[in-house]
Amino acid sequence: MTASTAVVKSAGESRAMSNPYVKQWLDECITLCQPDKVVFCDGTPEERKRLFQEGLKTGDFYELNQKKWPGCYYHRSNSNDVARTEHLTFICTPSEDMAGPTNNWMSDRQAYAKLKPLYRGCMKGRTMYVLPFVMGPAESVLAKVGIELTDSLYVAASMSIMTRMGNVAWDVLDKPGNANAFTRCLHSIGDVNPDRRYICHFPLDNTIWSFGSGYGGNALLGKKCLALRIASYLGRQQDWMAEHMLLMGAQAPNGEKSYIAAAFPSACGKTNFAMLIPPDRYRDWKVTTVGDDIAWMWVDEQGKMRAINPESGYFGVVPGTNSKSNPNAVKSMQKDTIFTNVALVTLDDGTYDVWWEDSDMPAPAKALDWQGKEWTPASGTKAAHPNSRFTAPAINNPVLDENWDDPAGVPVTAIMFGGRRSKTIPLVFQSFNWIHGVYIGATIGSETTAAATGAVGVVRRDPMAMLPFIGYNIRDYLVHWFHMRKKMTDCPRIFLVNWFRKDEKGRFVWPGFGENMRVLEWIINRAHGRAYAKETPLGWMPRPEDINLEGLTIDKSDFVKIQTISAEEVKQEIISQEELFLKLAGDLPKEMLFQRELLISRL
Ligand code: GTP
Ligand code: SPV
Ligand code: MN
């Protein structure tokens with residue numbers, strides 16, 4: 001540790017220093033990064049308040065009008081740093097085969113050698129925040145501790161919302177045999193230069209090194225880096241699964257409760273679906289949120305699948321969120337929320353408000369856009385970045401599930417896969433069985449969104465919505481999915497949905513959002529063996545009379561249209577799956593080949 005580093009004495013500091021593994025790693029990182037000051041965070045609301053106050057001075061935060069937005073702050077990230085950067089994300093292992101054909105790979109030694117010089121002295125003149133956190137309820141069998149070292153105040157404040165932070169983490173590490181069981185997460189925003197930006201994962205060392213980005217999944221290392229990439233690697237070894245899935249509860253009028261896990265790619269509707277408000281006709285149903293982005297799932301002693309949400313907050317897409325599309329998200333972001341990269345509006349009294357496209361408020365006469373540039377409705381540009389986000393505590397959610405924090409998790413009745421597809425893929429169908437369901441999940445395609453940098457609207461294969469998040473070889477990942485079935489006495493039923501099919505005029509046919517309840521009802525009834533379905537080449541499908549369409553703007557013939565399967569289009573789909581299959585050449589699990597052949601023979 002350099003003599004010039006001031007370590008702020010605190011309860012957290014003494015707890016960290018009492019763990020020899022933490023102490024040694026901290027010493028190494030402090031020597032490498034040379035921060036002026038080290039602050040140990042405890043994750044309390046008081047501390048978050050202090051971080052916000054500090055951020056007002058540094059320019060990291062703007063305070064919003066506290067009457068309208070109590071405890072809410074605004075943050076703008078660098079305009080070159082507004083989404084995950086998949087091309088700069090690496091799995092770093094001794095052999096390339098461990099990372100597999102869908103990940104960027106660097107040898108672990110090479111990666112350390114490349115990034116060390118970047119970290120050297122990178123925190124001079126800055127503060128290093130030490131963030132101890134737990135992913136999952138601390139008492140859960142799957143709970144995992146991480147410690148993130150970061151020089152970003154924004155990351156420190158955000159992580160205290162998104163994770164269970166503070167003493168709870170030190171307590172888990174203090175349990176016998178746990179002292180070294182933590183993910184070492186080193187983060188520096190560096191000089192936010194995309195040419196010096198790396199998001200590196202070292203699964204063999206339980207380590208994450210992220211440099212040069214302060215945004216979302218690149219920087220809040222508990223989320224995609226730990227809870228998906230590192231966790232999926234651990235899950236494969238320890239017989240559990242880390243998935244890019246929302247988790248929701250649905251209680252029928254007769255009181256029966258079902259839990260559903262759903263994997264949709266980034267910006268394809270997980271948060272919206274997880275907070276769904278049933279339409280009037282479904283007034284007696286109750287939908288509740290366990291999680292909106294990540295599920296960790298395992299098989300219990302009875303051979304049933306259970307799941308927890310490892311997170312404690314939402315990092316949700318803002319544009320399009322309003323009291324019609326997602327009232328529960330609107331309520332969730334009413335207090336103690338960070339808004340990132342939306343538009344900033346100065347009110348008459350000089351305080352700040354926020355705005356975004358399709359919010360409840362009409363566009364302001366003028367604002368500062370997500371880049372801080374003057375904006376008016378005539379500018380012809382978006383005021384909020386399409387990937388602008390809110391960071392809100394889960395406890396703000398009015399429909400938070402009563403078991404969201406239960407270490408025992410919730411039982412999973414059904415698994416849904418989905419994507420954003422304007423053509424070809426019907427609204428809903430059920431797989432014939434688990435293996436067929438895994439094939440469907442493995443071959444889903446989706447049009448790319450603003451959640452990652454790069455072209456938007458291009459169909460790409462996104463197996464299980466996990467393409468950017470599988471922390472090891474996709475071949476082994478698919479085998480793991482097939483293998484999990486063997487551990488279960490009964491398994492969740494698997495479904496595919498597509499809310500995004502369009503008509504000839506380019507309009508969404510299905511009304512979506514709350515009306516997705518109608519599809520959910522059929523799914524739940526199918527999973528409990530109660531609803532009718534007809535066999536089709538793709539899977540089991542509802543007939544129009546099997547889904548409640550009453551009171552919808554679309555009629556039976558529209559429904560038939562969005563359920564149409566065109567053999568020609570499906571053939572094209574199979575051809576476009578080849579891209580993924582070829583990447584896996586020679587390594588494709590045989591179940592995948594058999595399922596494809598069976599599909600072709602059914603057409
Ligand atoms: P990540 O946080 O990136 O993982 O995304 P997510 O899957 O949680 O996506 P989210 O729920 O935030 O939805 C993103 C976009 O999809 C929003 O702009 C919504 O307007 C749109 N969307 C969500 N549900 C529906 C739906 O049922 N129909 C239609 N047409 N659009 C939807
Ligand atoms: C996603 O892109 O799937 C997200 C947002 O949930 S981020 O945390 O930035 O990855
Ligand atoms: Mn996500």
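Whatever order the structure lists them in is the order used to number ligands and atoms, beginning at 1. Numbering starts at 1 and runs along the sequence shown. Hydrogens, waters and symmetry mates are skipped; everything else that's a heavy atom, side chains included, is used. No experiment lies behind these values; they were computed from the predicted model shown.
- Remark: the S210 side chain and the N218 side chain contain no N/O donor-acceptor pair separated by less than 3.5 Å.
- Ion pair E573/R421 flagged as a salt bridge, since at least one NZ, NE, NH1 or NH2 atom sits closer than 4.0 Å to an Asp/Glu carboxylate oxygen.
- Ring geometry for H244 against F469 counts as perpendicular: the plane angle is over 60°, on a 0 to 90° scale with 30° as the lower cut.
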Tabulation required: pairs of a nitrogen or oxygen in ligand 1 and a protein nitrogen or oxygen under 3.5 Å; columns are atom names and distance to 0.1 Å; otherwise 'none'.
unit_1   : atom_1 : unit_2 : atom_2 : d
ligand 1 : 2 (O)  : R389   : NH1    : 2.7
ligand 1 : 3 (O)  : A267   : N      : 2.9
ligand 1 : 3 (O)  : R389   : NH1    : 3.4
ligand 1 : 3 (O)  : R389   : NH2    : 2.8
ligand 1 : 4 (O)  : H244   : NE2    : 3.4
ligand 1 : 4 (O)  : K270   : NZ     : 2.7
ligand 1 : 4 (O)  : D293   : OD1    : 3.0
ligand 1 : 5 (O)  : A267   : N      : 2.7
ligand 1 : 7 (O)  : C268   : N      : 3.4
ligand 1 : 7 (O)  : G269   : N      : 3.2
ligand 1 : 7 (O)  : K270   : N      : 2.7
ligand 1 : 7 (O)  : K270   : NZ     : 2.8
ligand 1 : 8 (O)  : K270   : N      : 3.4
ligand 1 : 8 (O)  : T271   : N      : 2.8
ligand 1 : 8 (O)  : T271   : OG1    : 2.8
ligand 1 : 9 (O)  : C268   : N      : 3.4
ligand 1 : 9 (O)  : G269   : N      : 3.0
ligand 1 : 11 (O) : K270   : N      : 3.3
ligand 1 : 11 (O) : T271   : N      : 3.0
ligand 1 : 11 (O) : N272   : N      : 2.9
ligand 1 : 11 (O) : N272   : ND2    : 2.9
ligand 1 : 13 (O) : G269   : N      : 3.3
ligand 1 : 13 (O) : N272   : ND2    : 3.4
ligand 1 : 16 (O) : R420   : NH2    : 3.1
ligand 1 : 27 (O) : F513   : N      : 2.8
ligand 1 : 27 (O) : N516   : ND2    : 3.0

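- Donor-acceptor pairing under 3.5 Å is recorded for the side chains of H201 and R229.
- For the residue pair T271/D292, the side-chain donor-acceptor check at 3.5 Å is satisfied.
- For atom 3 (O) of ligand 2, the candidate residues are P265, S266, G217, C268; the nearest heavy-atom contact is made by S266.
- Ligand 2 has no nitrogen or oxygen under 3.5 angstrom from a nitrogen or oxygen of K270.
- A distance of 9.5 Å separates CG of D558 from CG of L552, quoted to the nearest 0.5 Å.
- Close approach to A451 involves these atoms of ligand 2, each under 4.0 Å from a residue heavy atom: 2 (O).
- Each of the following atoms of ligand 2 lies closer than 4.0 Å to a heavy atom of K223: 6 (O), 8 (O).
- The number of protein N/O/S atoms found under 2.8 Å from the Mn ion (ligand 3) is 3.
- Taking the six-membered ring where the residue is Trp, the centroids of W375 and W355 are separated by under 6.0 Å.
- Aromatic ring orientation, W481 versus F417: tilted (interplanar angle from 30° to 60°).
- Taking every heavy atom of R389 and a limit of under 4.0 angstrom, the matching atoms of ligand 2 come to 4 (C), 5 (C), 6 (O).
- At least one N or O atom of H244 sits closer than 3.5 Å to an N or O atom of ligand 2.
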- ring-ring contact (aromatic ring centres under 6.0 Å, His included) between F339 and Y74, intermediate numbers included: CA-CA 5 Å; F339 291 90; Y74 175 80; 8.2 Å; no
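- Taking only nitrogen or oxygen atoms, main chain and side chain alike, Y215 does not reach within less than 3.5 Å of ligand 2.
- The aromatic ring centres of W499 and F273 sit less than 6.0 Å apart.
- Counting atoms of ligand 2 from 1 in the listed order, those under 4.0 Å from a heavy atom of D293 are 6 (O).
- For CD1 of I395, the number of neighbouring non-hydrogen atoms (other residues, nucleotides, ligands) closer than 6.0 Å is 12 at most.
- Under the 3.5 Å distance criterion, with hydrogens and angles disregarded, a donor-acceptor pair is assigned to the side chains of S422 and E447.
- Per-residue contacts place K224 under 4.0 angstrom from the following atoms of ligand 2 (heavy atoms of the residue considered): 1 (C), 3 (O), 4 (C), 6 (O), 7 (S), 8 (O), 10 (O).
- Any N or O atom pair closer than 3.5 Å counts here, and F469 shares no such pair with ligand 2.
- For S160 and R48, the side-chain atoms include at least one donor-acceptor pair closer than 3.5 Å.
- Contact check on D293 versus K223 returns a salt bridge, with a Lys/Arg side-chain nitrogen under 4.0 Å from an Asp/Glu carboxylate oxygen.
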